[in-house]
Structures are given as C-alpha cells and as structure tokens.
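Read through the structure below, which is laid out as structure tokens, and then see the notes.
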Amino acid sequence: MEDPRTDGSAGPARREEPEAAAAAQRVARVSRFVRKRVFPRESVLDGGGPGAAEALADLRAEARAEGLWALPLPAELGGGGLSFGAYAELAEAEGASDHGPAALGSAPLLDVTMLARYGRPEVREAYLERLVAGEVRTCYAMTEPGVPGTDPSRTATRAERQPDGGWLVTGRKWFTSGAAGADLVTVLARTSGAAGDREGLSLLLVPTGSAGFRVVRELPVLGAPGQYEIALDGVRVPACHLVGEPGEALAIAGERLRLGRTLRCLRWLGQAQRAFDLMCERAATHDGSRGPLADQQLVQAHVFDALLALRTTRPLVREAAALIAAGRDARTEVGLAKVAAARMLQQVTDSAIQLHGAAGLGPDSPLPALFRTGRAARILDGPDELHITSVARRVLRAHGRTGRAVACGSGDPAG
C-alpha cells in the first residue's frame, strides 16, 4: 500500500489544515484582546486628552507583548507581515471597536501601503518604519468645504511648483480624521489645470508642523469627536514629498479608497456582530411586562432580520476583500459591499437599541456609538447614492456590450 504521507494529492490538504487552524487561532486571539482589553477602556479612549493617550499606549504595549502588533503591515518594517487576504479574516474581529485598529497597530495600513508603493525613497526611509512602530501618525485630507466630495476634480486646494522644485500648498480641507494629533497629512491638491479637469491633481505629504498649517476647528460627527477642518496657508512642501507623479492623484486615491472602503466594511461587520450579540443577550436575559423578551414574536422578528442582514452582507464584503487581495478589479463588488455594510450596521444597531429600550440610548451601552457609526457610514467614503449610481452604470454598460442582463459577482464583466 502506498504511504499516504507521500501522496501528493493529500499533501496540500494536510498543509492547509495547520494554516487554517493558525488563522482561526489568530482571529480568536485578536477577538479576545479587543473584548477583554479594548472594550473596557473605550470610555477613556473616547474622552481624548492625556488619559486616552496613556490608555492607548498601554494597549499598544500589551498588543506587542502578545505578538499581535501591526499584523497586516510589512515584516521588514516591523509588522506582522500578513497579506491583506489573511488580514481580512482578522479585520472584522479587530474592528468590533473603533479603537481596535489603533490599539493593535493596523490603523496606518492605508498610508503604509500608499507610501510603500508611491512614496519617494527619502519619504520611505524617513517615515515607513516609524509609521509601523506607531511613532508617527498620519491622516488623509481630500474633502473640502463647499466642494462636493463626490467630485474631486473640483478640488480648490492648489500646490504651486517653487524654484527649488518644492511646492507651496494653499487651501482648506475638512472632515479630516485625526488631524489634530497627526504628524503628516496627505493632501489632494491641484498642481495644474483648472477646476473640473480630472488631470492635474496630485497628492502631497505635508508635515503638520510646517509653517502655515493649522487646525481650524473640530467637526464632531453626530456629536462624536475626531474629525477636523484644517487650513494650509502657503505651506512649503519638499519636492520629495510628492506621492506618485504629478497628475496621478485620482488613480492613487481610487486605489486607496477601494482598499479603505473594504477595510471599513470588514470593521462594520465586526461592530454589527457586537450589536447583534448585545441584542441576543438582552433578549435572553431580560423580562418585559409579558415575560421573557426572547418569547415575544416581535423581538424574534428583530433577531431574525438582524441575522439575515449580517449573513447576507458578510459574503459581499468577503468577496470584495478577496478581489482586492488578488489585485483584481473590484469596483462593483466594493460598491455593493459598502452600501450593504453601511445599511446593515445601521439596521442591526437600531434593532439592538429597540430591544434595550431606554438603556440602549444611554452612556452605559456602546449602542449609541455603534448606531452613530452606522448612520455616518452611509456618507463616509462616498454616500450611498454615489455607489448605487456608479455600480448601476457599470453594470448597464457591461450589459450593452455583452447582452448579459444579470450581474454574477466576481465573474461579471462589470467587475
């Protein structure tokens, strides 16, 4: 009889089993860390100030000690070296708290990816390792007051070339996440052409300590802190801080946004699962005037509808993540996932609040913050309407070319 250990047909399956077990163990460890370490500190972290900084530093030290630090960031820069496909399995568990990515060191994934691909050697040398180590913080400034966020070609911020090859940046941005504590901000600016031109837009990495840079005001989102309006009043930026080539901003930004939207969707799944768990716990342990909540048909309907929303959204998000990881065109899948995940998070948290009654509205529950995230999700990274129209147009164009009437997921020519 042939020794099964030398049978090539069985070998890959056996090799995959330990990998799958290791991946499941990572997910369990990250989930446990977020539930046991991050959840109890959320109120302090939400409050900001020195207390929040101290709590975040403690969490980061604990994440390093447990071997959970910066898992999706490049190993050669000090991260865990997980591929995006492998990290997607963790992102849902990590994102159950808004503070999870920062506590576990994966928050700068978008900036590290962008600068590693498009940054000049001087910038990569100066910042990448420090970004991964958590020593430098970045943010991204694209949206402007009075300018539709859905049309970046109308960007009013300008960057003018200087005799030394550098740039002089003038403009204003708003709803810039984390700008008050950032060391660097990536700014979308017009370097040539006129408003409305899709060419002539570039990305510049601006040190926030530069003369002329200032935080104008905080812009709480439905009462939550963290967003800011910033001004750039003749800020001088070195030539090497241009990200990519002049005029390439929309292509780079599109790549960044597709990855960023997919990450948000994965994290929204984690937050919706958290709300769902709280809802089920409430139903199972709380008695109403007519007996246990779990026995009430209307409560059961809330549970069913929330579970249905979670179960139908998760495959869409996972499909988008798989296509991004494979380097394939995922515009349709990301648009579908983004709209579905945003709606789902709002729906699930709304049902969870309903089952909690007044307790779901107060400060002793994470549900108000989760609901706020769900409502903002329908505008962040492009409103629902933008994704609905762009996906529908893409599908209809593909139908016009091929005669196919039904979109079929990743195999669809509209992808």
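If you're wondering where the values come from, they're calculated on a predicted model, not measured in any experiment. Because only heavy atoms are used, hydrogens play no part in the values below, and waters and symmetry mates are left out as well, while side chains stay in.
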field: Of K173, R217, R214, the residue whose pairing with E229 passes salt bridge (Lys or Arg N to Asp or Glu O under 4.0 Å)
entry: R217
message: Donor-acceptor pair, distance only, cut-off 3.5 Å: does the side chain of R130 make one with the backbone of R137?
response: no
- prompt: So, R258 side chain and A330 main chain: donor-acceptor pair closer than 3.5 Å or not?
  reply: no
- prompt: Is atom CD of E122 surrounded by more than 12 heavy atoms (other residues, nucleotides or ligands) closer than 6.0 Å?
  reply: yes
- request: Please lay out, stage by stage, how E42 and R274 fare under the test salt bridge (charged side-chain N to carboxylate O under 4.0 Å, His left out).
  value: CA-CA 14 Å; E42 282 181 325; R274 181 181 181 184; 2.8 Å; yes
query: With L184, which of T208, V136, V206 fulfils side chain to side chain contact (heavy atoms under 4.5 Å, CB included)?
result: V136
- prompt: With a 4.5 Å limit on heavy-atom distance, are the side chains of Y228 and V216 in contact?
  reply: no
Salt bridge (Lys or Arg N to Asp or Glu O under 4.0 Å) partner of R314, chosen from E319, E89, E92: E92
- prompt: Looking only at atom types and distance, does a side-chain atom of H241 sit under 3.5 Å from a main-chain N or O of W167, one as donor and one as acceptor?
  reply: no
- prompt: Under 4.5 Å between any side-chain heavy atoms of I252 and E255, yes or no?
  reply: no
query: Can you check side chain to side chain contact (heavy atoms under 4.5 Å, CB included) on W268 and V317, steps first, answer last?
result: CA-CA 10 Å; W268 292 338; V317 176; over 6 Å; no
query: Taking atom types as modelled and ignoring hydrogens, do the side chains of Q273 and D277 form a donor-acceptor contact shorter than 3.5 angstrom?
result: yes
message: Can you tell me if E54 has over 12 outside heavy atoms packed within less than 6.0 Å of its CD?
response: no
